Amino acid sequence: MGVQLPTTIEAEMDPSAAESNSIATRRVLALILTLNLVVCFAKLAAGAMAHSLAVMSDGVHSSIDAINNIFGIVLLRIAAKGPDAGHPYGHGKIETLGAFSIAGFMLITCYEIVKQSVVRFWKGETPSFEITTLTFVVMGTTLIINIFVVLYERAMARRYSSEFLYADAVHTQSDILVTLSVLAGLPLVMKGYVVLDALLALVISGVIAWSGFLVLRRTVPVLLDAAAVDDGLVHKAAVQIPGVVEINDIRSRMHGGQKFIELTMVVSEIDLREAH
């Protein structure tokens, strides 16, 4: 005859440590926001001077990065709040919800770029391009900045277990692919293949859509409380504890970068205090 003990195991974090993590993450976003604003204005200016839809689309894509950073700073401040009467598990999922919203911004950007490209094809517009060495210098410089941002943001996402930083890094990673495609296409546009400018803009929208899908695939399971740990691994670890007879009803989920496990543990007949 055993005693059944419903048990909740969670990765507890000291409130002061959680606040320190939040402050550090917001500082990361503030630095990245500054870099993204530089990249955004540089690309938009270069695109306007060159009359290139592809370059300007790349600039618009970068502007979404800056908006995400501002959005993230606000959300992370809220997510750092501890549990209260109405939110016994804390506010950590607000960060995941923010990461989910990044995908929404990306899809809106994708729609706008596709619309502009289709309009240019439909009207048969052939703008007079003024692509210069400065255009390539600006695009190359912003490419280097974005590579740094992705590497730095991914490292910080791992250090602070931040879903928002990860999602933002994925978005910025798509910036790199977009900029590379633009740099590859501009020489052909200069040679007279002007239709490629609108085609490149369509390719850019495809990259943005794929990046949005990657973010959704990572955040939706967390929002839906999908299992965070394999049940078999939990069972294997738990039954090795002396006095444990059986493990039932294993459930796990992610919340605010932490993993929670709930299970029913059947133990041998021992003192209740020792059983706990």
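Values below: all heavy atoms of this structure, side chains included; hydrogens, waters and symmetry mates excluded. We're numbering straight along the sequence, starting at 1. Note that the coordinates shown come from a computational prediction; the quantities given were computed from them, not determined experimentally.
Just one of N36, I70, T34, I73 meets the side-chain contact (heavy atoms from CB on, under 4.5 Å) condition when paired with L29; it is I73.
Side-chain atoms of L233 and H235, non-hydrogen and from C-beta on, never get closer than 4.5 Å to each other.
Residue D231 holds its CG atom at 6.0 Å from OG of S252, rounded to the nearest 0.5 Å. Distance check, rounded to the nearest 0.5 Å: CE of M156 to CG of L151 gives 11.0 Å. In this structure, CG on L263 lies 8.5 Å from CG on D249, to the nearest 0.5 angstrom. To the nearest 0.5 angstrom, K43 atom NZ is 8.0 Å from L143 atom CG. Distance check, rounded to the nearest 0.5 Å: CD1 of I145 to CD1 of I32 gives 12.5 Å. To the nearest 0.5 Å, atom SG of residue C40 and atom CG of residue L33 are 10.5 Å apart.
In terms of heavy-atom proximity, A169 sits nearest to V150 at O-CG2, 3.9 Å. Y166 and A157 make their closest contact through N-CB, 3.7 Å (heavy atoms, listed as atom of the first residue, atom of the second, distance). Taking each heavy atom of A66 and L37 in turn, the nearest pair found is CB-CD2, 3.8 Å.
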T264 and I247: CA distance, side-chain angles, deciding distance, side chain to side chain contact (heavy atoms under 4.5 Å, CB included) verdict: CA-CA 6 Å; T264 299; I247 298 294; over 6 Å; no
V28/R26 under side chain to side chain contact (heavy atoms under 4.5 Å, CB included): CA gap, chis, key distance, verdict: CA-CA 5 Å; V28 170; R26 296 201 299 270; over 6 Å; no
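Under a hydrophobic-cluster definition in which Ile, Leu, Val, Met, Phe, Trp and Tyr are linked whenever side-chain heavy atoms come within less than 4.5 Å, directly or via other members, I147 and L31 are assigned to the same cluster. Residues I144 and Y152 fall into different hydrophobic clusters, defined by Ile, Leu, Val, Met, Phe, Trp and Tyr side chains chained together at heavy-atom separations under 4.5 Å. Residues I176 and F148 share a single hydrophobic cluster, defined by chaining ILVMFWY side chains whose heavy atoms lie under 4.5 Å apart.
Annotation: F41, atom CZ; neighbour count of heavy atoms from other residues, nucleotides and ligands within 6.0 Å does not exceed 12.
At distances below 3.5 Å, not a single donor-acceptor pair connects side-chain atoms of T142 with backbone N or O atoms of V39.
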